[in-house]
Amino acid sequence: MRRTTRAGRGGKGLRPMTLTLVLTLLLAVLIGLSLGLLGGGGSILTVPILTYVTGLDPKEAIAASLFVVGVTSAVSAVNHARNGRVKWRTGLVFGAAGMAGAFAGGLLGGRIPGTVLMIAFALMMVATSLAMIRGRRNGPARAHDGELPVLKVVAEGLVVGLVTGLVGAGGGFLVVPALALLGGLSMPVAVGTSLVVIAMKSFAGLGGYLTTVSLDWVLVGAVTVAAVLGSFAGARLAGRIPEAALRKGFGVFVLVMGVFVLVQELPGTAGAVVGITAAAAGLAAAVCWFAVPRCPLRTPLTA
């Protein structure tokens, strides 16, 4: 279904207690659950929800998602820190570098057509999801929970921050792989640390977008409250799920959302082709995984 309304345009928002608003708030709980459990995925959910369900213009949805995800991540990070799953130096250095990139990305993103932003957003989601699903050889054996080298953290933070501000993603779908696959942190610690980074970069990206976009703050505030409530449940579950399952689940979730956005944004025929191809690939992957003993999908990428 293509977008047919712009309920939030011009700051007018939705009328209280409409079915659309209620549905938006229920889905917002999933945003918080995703952030608390996976350390990412907040904007991957928030942008499509605000665009396709609530009816906001893509740029308004992206800007609003940065606020929702920023606040929810900050609250959820506190819950993870209480359980020792946050590396503060790594998170703060990564976040500071990311803020510079995010602000620049936000300034640039406000001047790029919304459809282009959404397609770029989806393509990065697909690429990242595949890396998370495959993992890497010797990943669990090499995992550690120490602080990462500052220069490496700064470089990764700048790159991820630019993407964050540009496409309106809090960055968890890039930060978690960067910390887990490249930095070697265990998934639970990568999840907790990423929330610190996401909060910092989201607010920086929001600052850039607010130079060109106005928001309905009543609607944004309501979605934020619902997301924060969901984050409490996610944080409680994060330390109880096996690391491999958490990583693969994160990857599959991002992949599905990426394909969905591509189908929505590409022209009719191209969108249909992407949808059919993705469905066929998913079916083939499932058959390979469950029916083929030496399925290539079970072999991690070389570190």
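In this structure, E60 CD and T212 OG1 are separated by 10.5 Å, a value rounded to the nearest 0.5 Å. The OG1 atom of T224 sits 9.0 Å away from the CG atom of L219 when rounded to the nearest 0.5 Å. Atom OG1 of residue T54 and atom CG of residue D216 lie 10.5 Å apart, to the nearest 0.5 angstrom.
In this structure, A77 and V196 approach most closely via the heavy-atom pair CB-CG2, 4.1 Å. Of all heavy-atom pairs between A61 and V47, the closest is CB-O, 4.1 Å. Scanning all heavy atoms of the two residues, the minimum distance from F203 to V71 falls at CZ-N, 3.6 Å. In terms of heavy atoms, L206 sits closest to A63 at CD1-O, 3.3 Å. When all heavy atoms are compared, the tightest approach of S73 to A199 is CB-N, 4.0 Å. What you find for S202 and V69 is that their closest heavy atoms are OG-CG1, 3.9 Å.
With S65 contributing its side chain and I62 its backbone, the two residues share a donor-acceptor pair below 3.5 Å. Side chain of D57 to backbone of K59: a donor-acceptor contact under 3.5 angstrom is found.
Transitive grouping of hydrophobic side chains (ILVMFWY, heavy atoms separated by less than 4.5 Å) keeps V218 and L229 in distinct clusters. When the side chains of ILVMFWY residues are joined at heavy-atom separations under 4.5 Å, either directly or via intervening members, V78 and L33 end up in two distinct hydrophobic clusters. Note on V68: it clusters hydrophobically with V228, by side-chain heavy-atom contacts below 4.5 Å among ILVMFWY residues. Side-chain heavy atoms closer than 4.5 Å link hydrophobic residues (I, L, V, M, F, W, Y) into clusters, and following such links, possibly through other members, connects V75 to L195. With hydrophobic clusters built from ILVMFWY side chains whose heavy atoms lie under 4.5 angstrom apart, W88 shares a cluster with M200.
Residues satisfying the side-chain contact (heavy atoms from CB on, under 4.5 Å) criterion with A100, sequence neighbours excluded, are L158.
You'll find the side chain of L210 reaches within 4.5 Å of the side chain of L215, heavy atoms only. Side chains of R85 and V191 form no contact here, defined as non-hydrogen atoms less than 4.5 Å apart. By the 4.5 Å heavy-atom criterion applied to side chains, L25 and V29 are not counted as neighbours.
Tested against T24 for a side chain to side chain contact (heavy atoms under 4.5 Å, CB included), the candidates L19, T18, L56, V223 yield a single pass: V223.
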